[in-house]
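Data block below; observations after.
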There are 2 protein chains.
Amino acid sequence: MKDNPAGQTRIQRHKIATITDAALDVFSTHGFRGSTVDQIAKAAELSKPNLLYYFPSKEAIHTHLLDNLLDIWVDPLRQLDPEGDPLEEILTYVRRKLAMSRDMPRESRLFANEVLQGAQHIGDSLSNFLKPLVDEKAAVIQLWMDQGALKPSDPRHLIFSIWSLTQHYADFDVQVRAVLGPEVEDPFPEAEDYLITLFSRQLKV
Amino acid sequence: MKDNPAGQTRIQRHKIATITDAALDVFSTHGFRGSTVDQIAKAAELSKPNLLYYFPSKEAIHTHLLDNLLDIWVDPLRQLDPEGDPLEEILTYVRRKLAMSRDMPRESRLFANEVLQGAQHIGDSLSNFLKPLVDEKAAVIQLWMDQGALKPSDPRHLIFSIWSLTQHYADFDVQVRAVLGPEVEDPFPEAEDYLITLFSRQLKV
DNA sequence: GTCTATATACTGATAGAC
DNA sequence: GTCTATCAGTATATAGAC
C-alpha cells in the first residue's frame with residue numbers, strides 16, 4: 001500500500017503534517033523545553049503514544065521542524081536577483097520578508113527561540129549554509145554600491161537590519177500591539193510604509 | 001543585626017545579588033521553563049535548599065529579575081530630552097541602546113525570551129507602563145517632525161526600529177557572529193557605524 | 001495503528017538534623 | 001543558615017493488549 005518512494009501512505013503523510021503543524025503551534029509559543037508531548041498530542045488530536053509512533057521523540061519533531069524551516073526562511077534572500085534593479089530588488093526583499101512575518105509568525109518565533117537560546121540545534125547550518133549565502137548576496141549589493149546604483153553602507157549589516165526589522169513584527173508582536181494599543185488593528189500596513197521609507201532613504205542615490 | 005530598613009544584612013544582600021546574577025545567566029540562556037533551580041544553585045555555588053531559603057520559588061527569582069529590568073531597560077528612552085537637538089537626541093538614544101546590547105546582553109535576552117513567549121509575566125507592564133512612555137516620547141518626536149527639524153516618518157515605528165536594530169546584536173549574537181565569521185572579533189563598532197548612518201539618512205533634513 | 005497502563009527520570013519544593 | 005534526604009508532581013518514552 002506504499003504510494004511513494006519515501007514509503008508513506010497518504011494517511012501517514014496527513015498525520016505527520018497534522019503533528020508538525022500542532023508542534024509548530026506549541027514550540028513557537030513555549031519554546032522547546034517549555035513544550036510537552038502531551039500538549040502537542042492534544043493539539044494534534046492524538047494520544048501521546050500514537051504521536052510517538054510517528055516520531056521517535058519530542059526532539060525529533062523539533063529537529064524536523066527546524067530542518068525544513070531554514071530553507072523556506074532564507075528563500076526571499078536567495079531570490080535577490082543580481083540582474084534586477086538594485087533598489088527595487090532590496091525593497092522587494094523587505095516586502096517579502098515582512099509578509100513572512102505577517103503570514104508565518106509561528107515559524108519566525110520558532111527560529112527566534114532557537115537562535116536566542118544559542119542555536120544549539122542549527123548552529124552548524126548558520127555557518128555552513130547561511131553565511132555563504134549572505135556572503136554571496138552581500139557581494140552583489142557591494143557591487144551595486146561600487147557602481148553608484150545605491151548609497152554606500154555595510155551590505156552585511158544592511159541584511160541584518162532587514163532581518164531584524166521585519167522579524168520584529170512577528171517575534172515581538174505582543175509588545176508592538178501593547179504599545180500601539182487596540183485602536184491599531186493591523187500593524188503591518190504602517191510597518192511596511194515605515195520600512196519602505198527607511199530603506200529608500202538609506203539606499204536611494 | 002539588621003542594618004537597613006529592608007531588614008537585610010550585608011551578607012544577605014550579597015547572597016541575593018549572587019543568586020540574581022546566576023539566575024540571569026541561566027534564565028537568559030535557557031528561558032524560564034528551560035532553566036532548573038539546580039542549574040541556578042550550581043551557578044551561584046549554593047545548594048538548592050539554600051537558594052530556596054532566599055527566594056520562595058523559582059518563579060519568584062524570575063519575577064524579581066523582570067521587575068527590576070524593565071526600569072533599566074527603558075531608561076535611555078526616558079532620557080530623550082525634548083529640549084535637546086532633535087537629531088542628536090535620537091542618535092544618542094541609538095548609541096545608548098546599542099551600548100546596552102553590548103554591555104547587558106543577558107538582560108536583553110531575558111527580556112526577548114519573555115516577550116517572544118507572549119509576555120506572560122510582564123504583559124500588563126507593557127500596556128500600563130511602556131505604552132504611556134512611548135506615547136509621550138512619540139509626541140515629542142512628532143512635534144520635531146512637524147517643526148521641520150526631522151524628516152517625517154511614523155514616530156512609534158521609529159522607536160520600534162531602534163529597539164529592534166539594537167537588540168538584534170544581543171539577542172541574535174550567535175547568528176551575527178556566524179555570518180560575519182571569526183575574522184570580525186567585535187561586531188559592535190561596525191554596527192554602530194551602520195546604525196548611525198541609517199538613522200541619519202532617515203531623519204536628517 | 002491505536003489505546004491503557006506504567007516504567008523511568010527529572011524537577012520544584014520541603015522536612016528535619018546540625 | 002546550611003546541609004542531606006526525600007516527597008510529590010510531572011514529563012518522556014515504552015510495554016503490551018487489542
Side-chain angles (χ1 to χ4, degrees), chain A residues 1-4 6-66 113 117 120-121, chain B residues 1-4 6-66 110 113-114 117 120-121:
Chain A
M1 282 305 257
K2 308 296 174 63
D3 62 358
N4 76 358
Q8 290 175 353
T9 66
R10 195 164 46 85
I11 291 175
Q12 280 174 327
R13 277 201 310 278
H14 180 257
K15 287 228 171 184
I16 287 172
T18 305
I19 293 169
T20 51
D21 188 70
L24 181 56
D25 253 15
V26 177
F27 281 139
S28 65
T29 308
H30 302 101
F32 179 74
R33 284 285 304 270
S35 306
T36 69
V37 178
D38 256 333
Q39 281 177 298
I40 301 170
K42 196 164 194 174
E45 296 182 306
L46 259 63
S47 71
K48 186 162 54 170
N50 194 191
L51 186 155
L52 290 169
Y53 170 80
Y54 288 96
F55 285 92
S57 71
K58 173 184 169 181
E59 183 146 22
I61 311 175
H62 191 243
T63 303
H64 180 256
L65 279 173
L66 281 175
N113 263 305
Q117 300 190 6
Q120 301 287 321
H121 306 91
Chain B
M1 283 304 259
K2 306 296 175 59
D3 63 357
N4 75 359
Q8 290 176 354
T9 66
R10 195 166 45 85
I11 290 176
Q12 280 174 328
R13 279 202 308 279
H14 180 257
K15 288 229 171 183
I16 287 172
T18 305
I19 292 169
T20 52
D21 188 70
L24 181 56
D25 254 15
V26 176
F27 282 138
S28 66
T29 309
H30 302 101
F32 179 73
R33 285 284 306 270
S35 305
T36 70
V37 178
D38 256 334
Q39 281 178 298
I40 300 170
K42 196 164 194 175
E45 295 182 310
L46 260 63
S47 70
K48 186 163 52 168
N50 195 191
L51 186 152
L52 290 169
Y53 170 81
Y54 290 96
F55 285 92
S57 70
K58 173 184 170 181
E59 185 146 24
I61 312 174
H62 191 242
T63 302
H64 180 256
L65 280 173
L66 282 175
L110 182 75
N113 264 304
E114 169 66 11
Q117 299 188 9
Q120 301 285 321
H121 307 89

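These values consider heavy atoms only, across backbone and side chains, with no hydrogens, waters or symmetry-generated copies. Convention: sequence-line order gives letters A, B, ...; per-chain numbering from 1. Just so it is clear, the structure is predicted and the values come from calculations on it, not from any experiment.
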Members of residues 31-59 of chain A that approach DNA chain C, where some heavy atom sits under 4.0 Å away
A:Arg33, A:Ser47, A:Pro49, A:Asn50, A:Tyr53, A:Tyr54
In this structure, OG1 of A:Thr18 is separated from CD of A:Glu45 (nearest 0.5 Å) by 9.0 Å
Going through the distances and angles, do A:Phe55 and A:Thr20 end up as a side-chain contact (heavy atoms from CB on, under 4.5 Å)?
CA-CA 10 Å; A:Phe55 285 92; A:Thr20 51; 3.9 Å; yes
In terms of relative ring orientation, are A:His121 and A:His62 parallel, tilted or perpendicular, with 30° and 60° separating the classes?
perpendicular
Go through the side-chain N and O atoms of A:Gln117 and B:Asn113 and say whether any donor and acceptor fall under 3.5 Å apart.
yes
Which value, rounded to the nearest 0.5 Å, describes the distance between A:Asp21 atom CG and A:Leu65 atom CG?
9.5 Å
Find out whether the Lys NZ or Arg CZ of B:Lys48 is both under 6.0 angstrom from the six-membered ring centre of B:Tyr53 and within 45° of the ring's axis.
no
Under the side-chain contact (heavy atoms from CB on, under 4.5 Å) criterion, do A:Glu59 and A:Thr63 qualify, and how do the steps go?
CA-CA 6 Å; A:Glu59 183 146 22; A:Thr63 303; 4.0 Å; yes
DNA chain C stem ranges, 3 or more consecutive Watson-Crick or G-U pairs under 3.5 angstrom
C:1-18 with D:1-18
Taking atom NE2 of A:His64 and atom CD1 of A:Ile19, what is their separation to the nearest 0.5 Å?
10.0 Å
Atom pair distance, as rounded to whole Å: NE2 in A:His62 and C1' in D:dA13:
19 Å
